[in-house]
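These notes concern the structure reproduced below.
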Amino acid sequence: LNTSRETYLERQQRALAAAASLKLDALLVSSLPNIRYLTGFTGDNALLLLEPFQNILFTDPRFLFQAQQESACRVRSVRRPLLRDAAAWIHRRKLRRVGIEQHHLTYAQFRQLDGSLPDAVELLPTERLVESLRTIKSPDEIALIRQSALLTCQALEQTLPLLRPGVSESDIAAELVYRMRKLGADGPAFDPIVAFGRNSALPHARPGANQLKRKDIILIDCGAFHHGYASDLTRVFFCGTPPTAVRNLHKAVVEAQKAALDAARPGVRASRVDQAARRVLRQYGLAQAFLHATGHGLGLEIHEFPRLGASERSRLEPGMAVTIEPGVYLQESGGIRIEDTVVIRENGCDVLTPASKELVII
Ligand code: ZN
Ligand code: ZN
């Protein structure tokens with residue numbers, strides 16, 4: 001499942017075409033996930049200059065061999081700051097209108113670049129040019145996300161037997177990461193959220209020394225990176241026999257999640273998927289307890305476009321990979337969230353995280 005050199009060259013061509021439509025002579029890419037998407041390079045320090053004459057990856061000697069092996073473009077390894085070297089290259093090539101990634105260049109970096117260039121060169125901010133190419137996944141990328149999602153489900157399943165009264169949130173978080181790595185993941189896509197009892201009411205709870213007690217809700221949100229691609233999964237369990245109130249909350253969230261899954265198909269605005277989940281929760285009187293958007297795109301990063309939120313006007317398209325994750329959070333009783341990773345298909349969406357949504361009793 002290695003991405004072919006042709007695929008990277010084709011992505012570079014598409015990014016260049018997008019830059020040309022903005023009348024840019026070149027595009028300086030500084031986001032590492034964007035550089036990975038366009039070239040295959042997975043190192044920590046790089047800049048990529050896309051221009052019609054030649055695409056060049058700038059890196060430092062620590063990454064030279066890796067860059068030569070991985071990157072589908074010419075590589076320059078330099079000891080001086082990469083921005084300065086890129087500026088010298090831009091100058092030598094007489095490029096005039098150079099696009100920069102405004103969300104991925106700090107002000108200090110911008111000043112360094114600008115200060116190293118002659119006045120004739122214009123630096124023009126671009127708005128998520130490569131990110132929009134990344135929004136639609138190729139069949140190969142979807143296959144990688146699917147593998148990542150299966151791996152995450154397996155890691156969770158292998159960790160469940162360890163949920164016993166007395167175990168701590170940190171223990172379970174550590175086990176999840178360990179299982180992911182043993183199953184072949186690059187690593188976790190984010191620090192797993194493991195929340196017991198009232199901590200589950202915090203949508204982004206940090207696992208700590210808190211120990212599992214009888215009558216605790218158990219919320220686990222985790223995901224792996226596999227060959228660079230992320231997956232994201234949330235399930236809820238209960239220690240003991242759940243009271244009716246918790247069963248009802250769980251039922252409401254499962255129903256809201258199903259409504260959102262049913263709404264997720266091509267041509268539909270992302271906000272409609274969010275509305276579908278919110279409508280169900282409103283019927284249960286839980287609208288106020290839903291504290292975040294219904295989902296987010298994912299791929300080389302855990303949060304990508306589109307966002308499935310109330311104000312997101314963009315429309316879903318086949319090949320988008322997104323999460324569907326409504327949740328309710330009540331300070332007294334705790335929180336419930338159900339999250340799947342899905343891919344938008346011609347006629348709806350495919351769920352890539354097959355883990356059961358039953359309220360499992362531990
Ligand atoms: Zn998640
Ligand atoms: Zn998520």
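In this text, all values refer to a predicted model and were calculated from it rather than measured experimentally. Indexing begins at 1, ligand by ligand and atom by atom, following the structure's order.
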Pair listing, salt bridge (Lys or Arg N to Asp or Glu O under 4.0 Å) test, anchored in residues 211-220, at least two apart: Lys213-Asp216

4.5 Å side-chain heavy-atom contact, Ser231 and Leu150: no

Presence of salt bridge, Arg146 and Asp350, under 4.0 angstrom: yes

Partners passing side chain to side chain donor-acceptor pair (under 3.5 Å) against Asp186 (at least two apart in sequence or in another chain): none

Aromatic ring pairing Tyr107/Phe110, orientation class (parallel under 30°, perpendicular over 60°, tilted between): parallel

Protein N, O or S within less than 2.8 Å of the Zn ion (ligand 2), waters excluded: Asp232 OD2, His296 NE2, Glu325 OE2, Glu339 OE2

Could you pull out all donor-acceptor pairs under 3.5 Å where a side-chain atom in residues 306-317 meets a protein atom, sequence neighbours excluded?
unit_1	atom_1	unit_2	atom_2	d
Glu312	OE2	Ser314	OG	2.8
Arg315	NH1	Gly267	O	2.9

